[in-house]
Asks: 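Next up is a structure, given as structure tokens.
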4 protein chains.
Amino acid sequence: MPRPRSEDKRSAILAAATRVIVAQGLGAPTAGIAKEAGVANGSLFTYFETKAVLFNALYLAIKTEMAEGAMHDLPAGAELQEQFFHVWQKWMYWAVEFPEKRRALAQLAVSDEITPETREAGHRVMAGIADLLERSRAQGAMKKAPRAFVAALMNAMAEATMDFMTQDTENAKKHCKSGFEAMWRAIA
Amino acid sequence: MPRPRSEDKRSAILAAATRVIVAQGLGAPTAGIAKEAGVANGSLFTYFETKAVLFNALYLAIKTEMAEGAMHDLPAGAELQEQFFHVWQKWMYWAVEFPEKRRALAQLAVSDEITPETREAGHRVMAGIADLLERSRAQGAMKKAPRAFVAALMNAMAEATMDFMTQDTENAKKHCKSGFEAMWRAIA
Amino acid sequence: MPRPRSEDKRSAILAAATRVIVAQGLGAPTAGIAKEAGVANGSLFTYFETKAVLFNALYLAIKTEMAEGAMHDLPAGAELQEQFFHVWQKWMYWAVEFPEKRRALAQLAVSDEITPETREAGHRVMAGIADLLERSRAQGAMKKAPRAFVAALMNAMAEATMDFMTQDTENAKKHCKSGFEAMWRAIA
Amino acid sequence: MPRPRSEDKRSAILAAATRVIVAQGLGAPTAGIAKEAGVANGSLFTYFETKAVLFNALYLAIKTEMAEGAMHDLPAGAELQEQFFHVWQKWMYWAVEFPEKRRALAQLAVSDEITPETREAGHRVMAGIADLLERSRAQGAMKKAPRAFVAALMNAMAEATMDFMTQDTENAKKHCKSGFEAMWRAIA
DNA sequence: GATGAATGAGTATTCATTCAT
DNA sequence: TATGAATGAATACTCATTCAT
């Protein structure tokens, strides 16, 4: 695919979109995003054909970054539960560190602008986590439940935990652990 | 003695809004909602001052109905876990029976049109479920976690279960039970 | 012409319209006028078929009242200039006493809702003043100018004087006299 | 280097507004003005932020043009009365030549959309005439009257004269002179 | 006659996208 | 390629008037 000249400008637009979406929601004018990014409003459309394309790209970019954050430094040799907890922790702390990205992602996730293809790509990007989950589930209480159901439950619990950690950063560490344990009890 | 304001018409507008929101999202034109309700587009505004007021009213109406559905026929004398499962089941089946209401509610819930007051009222309406949860948590694995965190986890798991049941109605009953058990393990 | 039941209500509407027009201009909603008058919005239309009809009626009512105020107690036996000054004075003081009526009248006068017929009727109502003017003009500096032109000049000067008196009520008496003298010099 | 904002387009919008206001009043839709100007309806708003801003700009533009018309070719060395008559004549003939501009100005002048700042700017633009008037008044019959009052009287008489000249163009010249003389008698 | 709910045409302004420069 | 002016479709809400009660 032919990339437009400046990768910097592309990133600036994505970063600006994140900020603007958090502040004003998905209804925010593209002109505002362009301004925040320091480019002319028409230029936005040389990097992203439509607003929807921009949103899909942003969704995937944030989700990718989140997954990479979570899988970073995975202790491959360790016990399964320990590996999972490591990932969980990185995941949660990424969310606490980049609350704007997470909030933008949350808004994008419920939007009907995000296509099934983009959502599918989002899942693929999370494959590492899904794999851990799969191995944890296989012998546990939910061995008979469909894996997608279990994944949905884990995700839901992860989101709830992130929310709580972000709201009450003082006790973030405690909530992180307690959320993980609840998830592990539920699923493994 | 003019025509009195009609409760029927109010309900028709709420019901129409539900359908239209599911089909077109929150950006749907008020004119479309009015048409779907069979009233003139100006009439919508004699029942709801603004679009935002309509959305807040709808959010609360659906949430109230959902809570009433869940708490219906509660076996007050039974064991705690049994009571909770009863409520859980009614709750899930309400969601399966009225998927449009649930989808509309989900969209409204993430909208920034819904005021904190409305959200607060929504919580009050769910007090019955919150109370059961509270009693379940008090002696269990999460007795030290903040109740709001536990409530958030339960809600998240409930939503995930509803989604799954709605997607795979054939096995709805199984998923309902399995979701409840996971929740109970996690929380009680 | 068949009069509606209550003359009181009709007057209340006219009075309310005066106040509302001053406060909000001619674009003010009929509903607001009705409310100010203490009647239901539909009732306004049993007294005045349309908003334009109401405005025409109000224009004429105020103009009539103004003319009657001006011609009151005319000293029929006196010198022409004295008679004229008497009328001028009454006219100006009516304007100072009822500034709202005058402001409403001013707005109505420039509106294109007021029909030529209504304007014509307004002139007839001012016939007494016009007659004095005519007698004053006939021998004076403007004896060759069309009477309508002279009337227009006098009116314009009268309006300017009223404005000034209303703005600076402290010196109203002085301005009244000075305005009259200027008019007399110009016209007689 | 995008298309620069076009001064022509701005003027076209002002000219179109003049015509449309005369034909339909100040309530005329902006879409109509845009169409008359030959621009898209959104374009109107790149030149004037709101309808009110457009109206204020138009008021000032017409008033400026009128003042410039009146003060053109002022015979600076001549007698005061002669200078004044020169200005008066130019002023009146400007009004006769551009009756639409004058009618639009009259409508705008009574509108409450025109801000005090704009009115103030309008006065400044007429400073040349005000100055002549001031010099004429200083030694005359109205030397003791407030200058604002005298200015108001002159303006009122000027407006009345313009109206009459426009209505009866055949005798415009005569009315022009006769109006001036009346004004001079009244004021100087 | 009185009421106020019902009607639906009407309108300023916004905004994604295009395009002349 | 970058710019920002140009475009015109889209939309919440208002309001004169009508009409059921």
Side-chain angles (χ1 to χ4, degrees), chain A residues 2-6 9 27-35 38-55 113, chain B residues 1-6 9-10 27-35 37-55, chain C residues 2-6 9 27-35 38-55 113, chain D residues 1-6 9-10 27-35 37-55:
Chain A
R3 289 287 172 79
R5 267 310 143 71
S6 154
K9 229 163 251 187
T30 52
I33 296 172
K35 194 176 182 190
V39 303
N41 68 56
S43 298
L44 188 149
F45 293 91
T46 77
Y47 290 88
F48 303 96
E49 291 161 84
T50 67
K51 198 187 190 187
V53 166
L54 165 61
F55 280 178
E113 305 272 31
Chain B
M1 313 103 200
R3 250 174 296 202
R5 235 179 249 200
S6 143
K9 221 160 265 184
R10 204 188 118 96
T30 53
I33 297 173
K35 193 174 183 191
V39 302
N41 64 62
S43 296
L44 187 150
F45 295 93
T46 78
Y47 289 89
F48 304 95
E49 290 163 276
T50 64
K51 197 186 189 187
V53 167
L54 166 61
F55 281 178
Chain C
R3 287 288 171 78
R5 266 311 141 72
S6 154
K9 229 163 251 187
T30 52
I33 296 172
K35 193 175 183 191
V39 304
N41 68 56
S43 298
L44 187 150
F45 294 92
T46 76
Y47 290 88
F48 303 95
E49 290 161 87
T50 67
K51 197 186 191 188
V53 167
L54 165 61
F55 281 178
E113 305 272 30
Chain D
M1 312 103 196
R3 253 173 294 201
R5 235 180 250 200
S6 142
K9 221 160 264 184
R10 204 188 118 96
T30 52
I33 296 172
K35 192 174 184 190
V39 302
N41 64 63
S43 296
L44 187 150
F45 295 92
T46 77
Y47 289 89
F48 304 96
E49 290 162 275
T50 64
K51 197 185 189 187
V53 167
L54 165 61
F55 281 178

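Letters A, B, ... are given to chains in the order of the sequence lines, protein chains preceding strands, and every chain is numbered from 1.
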Asks: Within the pair T30(C) and dC15(F), is there a side-chain N or O less than 4.0 Å away from OP1 or OP2?
Replies: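 Answer no for this pair, as no side-chain N or O of T30(C) is under 4.0 Å from OP1 or OP2.
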Asks: Just to be sure I understand the rule, does A28(B) reach a base, reach only the sugar-phosphate, or reach nothing, if contact means heavy atoms closer than 4.0 Å?
Replies: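 The residue A28(B) makes sugar-phosphate contact but no base contact.
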Asks: At under 4.0 Å between heavy atoms, what does A34(C) touch on the DNA or RNA strands: base, sugar-phosphate, or nothing?
Replies: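 Since no nucleic acid heavy atom lies under 4.0 Å of A34(C), the category is nothing.
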Asks: For the pair Y47(B) (side chain) and R5(B) (backbone), establish whether a donor and an acceptor sit closer than 3.5 Å, ignoring hydrogens and angles.
Replies: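 A pair under 3.5 Å: no.
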Asks: What does the 5'-to-3' dot-bracket notation of DNA chain E look like when only Watson-Crick and G-U wobble pairs under 3.5 Å count, and pairs to other strands show as |?
Replies: .||||||||||||||||||||
Asks: Rounded to the nearest 0.5 Å, how far apart are CG of L44(B) and NZ of K9(B)?
Replies: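 The distance works out to 12.0 Å.
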Asks: Which parts of nucleotides 4-10 of chain F does protein reach within less than 4.0 Å, heavy atoms only, written one letter per nucleotide 5' to 3' as B for base, S for sugar-phosphate only and - for none?
Replies: BBSBBB-
Asks: Identify, with sequence neighbours excluded, every residue that meets side-chain contact (heavy atoms from CB on, under 4.5 Å) alongside F45(A).
Replies: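 Counting only residues at least two positions away or on another chain, F45(A) forms a side-chain contact (heavy atoms from CB on, under 4.5 Å) with T30(A).
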Asks: Work out which heavy atom in A40(C) is nearest to a heavy atom in A34(C); give both atom names and the distance.
Replies: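 Minimum heavy-atom contact is O-CB, 3.8 Å.
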Asks: Round to the nearest Å and state the distance from K35(A) atom NZ to dT14(E) atom P.
Replies: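 Going from NZ in K35(A) over to P in dT14(E) covers 14 Å.
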Asks: Residues in side-chain contact (heavy atoms from CB on, under 4.5 Å) with T50(D), at least two apart?
Replies: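 side-chain contact (heavy atoms from CB on, under 4.5 Å) list for T50(D), sorted by chain: A52(D), V53(D).
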Asks: Quickly work out the E49(C) CD to dC19(F) P distance and round it to whole Å.
Replies: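 In whole Å, dC19(F) P lies 15 Å from E49(C) CD.
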Asks: Give the rounded distance in Å between these two atoms: CZ of F45(B) and P of dC15(F).
Replies: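 About 13 Å, once rounded to whole Å.
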Asks: In this structure, how many angstroms lie between the P atom of dT14(E) and the CZ atom of F48(D), rounded?
Replies: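 To the nearest whole Å, that distance equals 16 Å.
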Asks: Between atom CG in L54(C) and atom C1' in dT17(F), what is the gap in whole Å?
Replies: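 That distance rounds to 14 Å.
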